[in-house]
Each structure stands twice: as C-alpha cells, then as structure tokens.
Amino acid sequence: MSCIIAKSLFKSYNSVNAVDGIDLVVKSGQVFGFLGPNGAGKSTTIKLLTTLIQPTSGELTILGINAKENPLEIRHKIGVVLQQPSYEPSLSVEKSLEKYGLMWDVPRKIRKERVEELLSDFDLHDIRKKKTDDLSIGQRRRLQVAREFMHDMELLFLDEPTIGLDPSARRKLLDFLKRKVKDGLTIFFTTHVLTEAEYICDEIAIINKGKIIAVDTPDDLKNRFGRKKTIKIHLSEVNENLKNLLSEVKDCKIDFNSGSNITIHSDESEIVLLKVLQILNSNNLVIEDLSAVPTNLEEIFLKVVNESNESNN
Ligand SMILES: Nc1ncnc2c1ncn2[C@@H]1O[C@H](COP(=O)(O)OP(=O)(O)O)[C@@H](O)[C@H]1O
Ligand SMILES: [Mg+2]
C-alpha cells in the first residue's frame, strides 16, 4: 500500500516556488529519505504532506485520506517533528513526555510505561527531572523526537531530526527508528546528510530547488551514478599538445582544469588509465602524482544537484 501519494504538488511564496511540481509515491513500511541541500524545499514539503500548510495546487492523499477534504483525520494518524525547536521551558523532561501523552489521550498506564521506555531509548534517564530550559540543544532535540513516540501512529514525518545530535546520539536515534519501522511504522525523513540517508533509508528522493531530480534505492543510486571513478593526475609540466594527444581515449570525460592537473571521470577507469599512461609515457610527460578514487555518494549527490542546476540555467 502507498501511504503518501502526491500529484503535481506546488507551493509558492510570492515569486518563489518552494515546492515546484512534486510527484511522490511512498510505500508503507519503509523509511523514505528526502535528501536535498538547504533551501531545496524539504521543510515546505513536510508541511504540505502533514497538512500544516495548503498547497498552491496539486493533489495529495495521505493514508488513503484526501488532504484537502479531511486534514484533521490525517493529523490524528500521523506524527510530525518539525525542523524548528519546540519545547516547554518550565516542564521537566519526564513531565514533557507525560503531557504529550495526555494531549494524545493515551491511557494512564500506557503513558507511564512509554515515558520510562522513551527515557531509556533516548538516553534521557539521568536528566528526567531537569527543566527543558536547562537542556543542551542536542538533549532538547532528543526530547522533541522522543515525545512524538508517546502516541500511536501509522506514519511519522521527521524534518532533519539529527541536527544538533552528537555522532553517538545520531546513531542511536537512527537505530531506534529502524526498529520502529520493523514493527510496522512508515517514516518520511529529511536530511542533507547523505551517509545518514544511506544508512537508514529504503528509498531516497533527491530534491533541489523544489523539484525531485532522482528517486531510487541507495544501492541503485550508487549504481546509476556511482560506478564511476575519478582519476587525478598531476604532471610536472604540461605539453601544449596534451589535449590533442588524449582526445583519442574513449569512454571517459577529461577536464584539463588547472595548470598541470588533469581529472578524468570514467566507468572504465582501469582501461582508460592504462591508455592515458601509455600516451603520457610515450610523450615523455612526467607524472608527479596520481590517484584514482571511487566517486562516493556525497559526490553523486552533488553531481546530481549540480546537473539539475545546470539544466535549469
Ligand atoms: N513561509 C515562507 N515564506 C517565504 N518563503 C519561504 C517560506 N518557507 C520557505 N520559503 C522559501 O522556500 C524555499 C524552500 O525552503 P525550505 O522548504 O525551508 O527548504 P529546506 O527545508 O530544504 O531547507 C526557500 O527558498 C525558502 O526561503
Ligand atoms: Mg528545512
């Protein structure tokens, strides 16, 4: 079943198309990653999908419910953790959790149990009596995410939940989320950190300037964009004729970027490198330094984003 179906969703603010025609289908029972640079439209999309704001145009069905007709019904079935901090300064950590449970009409017994579970799952035990005002940014963020798990839900939206968390808290949260998905929850998760998306997501959409520019599994994204290797060669001196000499090498893209450096991108890096070396050798061009590295997901992400920027301009 698909729990999110968006068709041609637009949201504009004055002249800015924050969300610029998004089509999206999210299957139940998975973590769907929404990955993009700052200002890409991630938060606006989450606000649209959670019915906190209305689209300028487009169709939206969440958990089989029409978002325009029944936004409140949707809000009862989902959880949302927005990007901006939200907390009640004077309440203690445990009281915050407790109050959130009350708000959602969670029966007393279950409420008590959940508070204890979440204090432990989110490492908040030692600071349970502390006022939220006195917490660090990371602790507050943990509390903000934790309290959303006080109530039952089918679908959870998290807008950059790991910002402000240290690496260990980050990993713990991601593992906690993975467990919840195993138990049947669906998560829509935004981040600008690729490794995070790769670690937790079953499917990733890359968004840039309000438009989705790729949707795939992390593995397929790697295969589509990441079989490439980048070869960098630093020569001691450059021959005027170099461009000509190397133009006969096939299956690669060569940048004669700056001075005596050349960068080669290729899917067939072994063969290409061999040919390039032969040519350099037979022309007495001395190599000072050489490296060949697999293009990583971070580079894929930047590449996809850059290509979409170029094709827009
Ligand atoms: N309430 C608003 N009023 C005007 N512009 C907005 C508003 N919310 C977002 N934007 C603009 O929409 C674009 C997308 O923003 P946002 O969805 O917050 O991106 P992200 O979460 O990916 O960083 C940005 O250019 C931002 O300035
Ligand atoms: Mg945002």
Side-chain angles (χ1 to χ4, degrees), residues 4 6-24 26 31-60 62 67-68 71 74-75 78-87 137-138 140-145 148 155-165 169-170 173-174 177 187-201 203-216 218 221 297-313:
I4 300 175
K7 281 187 193 146
S8 194
L9 212 54
F10 284 86
K11 179 69 186 179
S12 28
Y13 294 107
N14 305 318
S15 60
V16 180
N17 289 334
V19 170
D20 198 9
I22 276 182
D23 291 296
L24 200 62
V26 176
V31 185
F32 188 92
F34 212 52
L35 182 76
N38 286 330
K42 302 182 295 296
S43 296
T44 309
T45 304
I46 281 218
K47 287 178 195 156
L48 288 170
L49 298 181
T50 55
T51 77
L52 297 175
I53 56 174
Q54 285 296 318
T56 309
S57 66
E59 306 244 325
L60 181 61
I62 304 290
K68 206 172 190 176
I74 291 172
R75 280 193 231 169
I78 62 173
V80 191
V81 178
L82 292 176
Q83 188 173 357
Q84 57 268 37
S86 142
Y87 61 97
I137 290 173
R140 262 183 222 151
R141 190 64 174 159
R142 260 149 54 205
L143 174 62
Q144 193 183 354
V145 178
E148 206 55 46
L155 173 60
L156 173 63
F157 294 88
L158 297 169
D159 198 357
E160 311 224 20
T162 57
I163 282 189
L165 303 193
R170 206 172 262 245
L173 173 61
L174 297 179
L177 297 176
I187 297 180
F188 187 94
F189 172 94
T190 76
T191 180
H192 63 269
V193 184
L194 202 67
T195 46
E196 224 170 78
E198 195 187 359
Y199 182 68
I200 194 179
C201 297
E203 241 185 314
I204 296 175
I206 299 180
I207 178 175
N208 187 43
K209 297 189 174 169
K211 286 190 162 71
I212 291 178
I213 51 183
V215 188
D216 230 323
L221 273 180
L297 259 191
E298 202 73 41
E299 283 175 56
I300 297 169
F301 171 47
L302 292 172
K303 183 165 172 279
V304 177
V305 169
N306 283 338
E307 279 171 3
S308 95
N309 285 344
E310 276 165 22
S311 66
N312 283 344
N313 294 339

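Whatever order the structure lists them in is the order used to number ligands and atoms, beginning at 1.
When distances from atom 6 (C) of ligand 1 to the protein are checked, a heavy atom turns up under 4.0 Å. Within the 4.0 angstrom cut-off, atom 27 (O) of ligand 1 has no protein heavy-atom neighbours.
Q144 is linked by a side chain to side chain donor-acceptor pair (under 3.5 Å) to R141, counting only residues two or more places apart in sequence or in another chain. A search for side chain to side chain donor-acceptor pair (under 3.5 Å) contacts involving E148 returns Y100, H151, not counting sequence neighbours.
Note: an N/O pair closer than 3.5 Å links K42 and ligand 1 by distance alone. At a 3.5 angstrom cut-off on N or O pairs, A40 counts as close to ligand 1.
A salt bridge is defined here as a Lys NZ or Arg NE, NH1 or NH2 lying under 4.0 Å from an Asp or Glu carboxylate O, and E160 with K42 meets this definition. Using a cutoff of 4.0 Å between basic side-chain nitrogens and carboxylate oxygens, K7 and D23 are not scored as salt-bridged.
Applying side chain to side chain contact (heavy atoms under 4.5 Å, CB included) to L49 and the options L60, I78, I74 leaves one that passes, L60.
The protein heavy-atom contact nearest to atom 24 (C) of ligand 1 is G39 O, 3.9 Å. The nearest protein atom to atom 18 (O) of ligand 1, hydrogens excluded, is given as S43 CB, 3.7 Å; this is a heavy-atom distance. Ranking protein heavy atoms by distance to atom 19 (O) of ligand 1, first place goes to G41 N, 3.1 Å. Among all protein heavy atoms, the one lying closest to atom 12 (O) of ligand 1 is A18 CB, 3.2 Å. If you check which protein heavy atom lies closest to atom 8 (N) of ligand 1, you get Y13 CE1, 3.4 Å.
Side-chain contact of R75 with T51: a donor-acceptor pair under 3.5 Å is present, judged by distance alone. The closest side-chain donor-acceptor pair between S8 and E59, if any, does not fall under 3.5 angstrom.
Assignment of G36 to the shell around ligand 1 is not supported, since no heavy atom sits closer than 4.0 Å. Under a 4.0 angstrom heavy-atom cut-off, G210 registers as lying outside contact with ligand 1.
You'll find the ring centres of F188 and F34 inside the 6.0 Å limit.
Side-chain atoms of T191 come within 3.5 Å of backbone N or O of V193 as a donor-acceptor pair. Looking at K11, its side chain does come within 3.5 Å of a backbone N or O of Q54 through a donor-acceptor pair.
For the atom pair I206 CD1 and I213 CD1, the distance stands at 6.0 Å (nearest 0.5 Å).
Taking every heavy atom of N38 and a limit of under 4.0 angstrom, the matching atoms of ligand 1 come to 23 (O). For ligand 1, the atoms lying closer than 4.0 Å to a non-hydrogen atom of P37 are 22 (O).
Atom CD1 of I53 has more than 12 heavy atoms from other residues, nucleotides or ligands within 6.0 Å.
Sorted by chain and number, the protein atoms of type N, O or S within less than 2.8 Å of the Mg ion (ligand 2) are S43 OG, Q83 OE1.
Among residues at least two apart or in separate chains, there is no salt bridge (charged side-chain N to carboxylate O under 4.0 Å, His left out) pair with a member in residues 46-56.
Among T44, L48, V16, the residue whose heavy atom lies closest to atom 25 (O) of ligand 1 is V16.
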